[in-house]
Amino acid sequence: MSTPTVTTAPTVSSNLLPPGFDGLLSRALDLINQSRSEAGLAPVVWDPAAAAVAQAHAEDMLSGPFFSHWNRAGYGPEHRAALDAGMTDAVFENIHMTWRTGNGQPAPILDWPQRILDAHLGLMDSPGHRRNILDPAHTHVGIGIAYRPELGELRLVQEFVNRYVELDPLPAELPVGAEVEISGRLLAGATDPLINLAYEPFPSPMTIEQLDATGSYQSAAQFFSAPRTTVDGGRFHTRAILDFNGQPGLYHIWVFVTVQNEQVLTASSIVMIDAD
């Protein structure tokens, strides 16, 4: 099994880290790669940026507490990765929660390696989470684990990544109708880059009750344009106008590539578009 070189992610509160934190991250990664190996798939590699996104969300959920792919700002995993962490990779998220009580009171977790195994088996027993763990296109993963002993509650977050391009930086904010250059470099195994533009209104804050009522994640962004993409050697680029009916909001840049005869989403960047 591969062991990640773990650099503990910046945390909301260090008292939300379970005992033996780095070792638990290593175990969680090993379990993922064991399941992928049994399915005949290549292992995923530890990614510190994705791990920071995962850890921040695990701790944020416990600070509520709540359980959701969204946070209290109304951000889902794509927003948290792109807007909060500055990632350009598309992320594919699994979340898990555990609570332990005895006689109506929080019960301590005494066997942490077993608890991480139980979490992994629980995700593998869920068809959607299992498909994410066993997606052949995934190349990297980051994992976050947070624990509040006074509640007896655990949160575990997995952020999977398909890293087949390096997307060049884009402006964080622009006015409606701005023209941008979208470019990047293809990595080994990727061909036929396709750039899509999608739009969503600015997300609204959510209450704890609203968050706990959510289910599986689906992006609110709606496709509106596919500008022609030019490929020159290992580089790709296009020029695009960020304008969806003159609306301010979040403009998503999605990059798809072909890998082993399958089209996969590899990059996702977000530009905030203001009215003027």
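What's counted below: heavy atoms across the whole structure, side chains too, no hydrogens, waters or symmetry copies. Start at 1 with the first residue, then count along the sequence.
Contact detail for V257 and L186: the closest heavy-atom pair is CG1-CD2, 3.9 Å. The shortest heavy-atom contact between N71 and F66 is CA-CZ, 4.1 Å. Between W112 and P19, the shortest heavy-atom distance links the atoms NE1-CG, 3.3 Å. Nearest heavy atoms, L117 versus R27: CB-NH2, 3.5 Å. The two atoms that bring L123 and I133 nearest to each other are CB-CD1, 4.0 Å, heavy atoms only. Across all their heavy atoms, P149 and P106 have their closest contact at O-CB, 3.7 Å.
The side-chain heavy atoms of S63 and R72, taken from C-beta on, include a pair separated by under 4.5 Å. Considering only heavy atoms from C-beta on, L250 comes within 4.5 Å of L83 through its side chain. Between V141 and D47 the shortest side-chain heavy-atom distance does not fall below 4.5 Å. Annotation: side chain of V157 is not in contact with side chain of P77 (no heavy-atom distance under 4.5 Å). Taking the side chain as every heavy atom from C-beta outward, F92 and N162 approach each other to under 4.5 Å. Between L134 and M124, some side-chain heavy-atom pair lies under the 4.5 Å cut-off. Contact of the M97 side chain with the M61 side chain is not registered, since no non-hydrogen atoms from C-beta on lie closer than 4.5 Å. Between I145 and F21 the shortest side-chain heavy-atom distance falls below 4.5 Å.
Between the side chain of S68 and the backbone N or O of D212 there is no donor-acceptor pair closer than 3.5 Å.
A donor atom on one side chain and an acceptor atom on the other are found under 3.5 Å apart for H138 and N132. For D30 and Q34, the side-chain atoms include no donor-acceptor pair closer than 3.5 Å.
In this structure, D232 places its CG atom where only 12 or fewer heavy-atom neighbours from other residues, nucleotides or ligands lie under 6.0 Å away. Within 6.0 Å of CD on E181 lie more than 12 heavy atoms contributed by other residues, nucleotides or ligands. Counting heavy-atom neighbours within 6.0 Å of Q218 CD, excluding the residue itself, gives a total of 12 or less. Enclosure of atom CD in Q260 is not indicated, since only 12 or fewer non-hydrogen atoms of other residues, nucleotides or ligands lie within 6.0 angstrom. A 6.0 Å sphere centred on CZ of R239 holds more than 12 heavy atoms belonging to other residues, nucleotides or ligands.
Between Y217 and W70, the ring planes lie tilted relative to each other; the angle falls in the 30° to 60° range.
In this structure, OH in Y75 is found 14.0 Å from NE2 in H57, a value given to the nearest 0.5 Å.
One hydrophobic cluster holds both L121 and L156 under the rule that ILVMFWY side chains link at heavy-atom gaps under 4.5 Å.
Aromatic pair F224/F244: ring centres closer than 6.0 Å.
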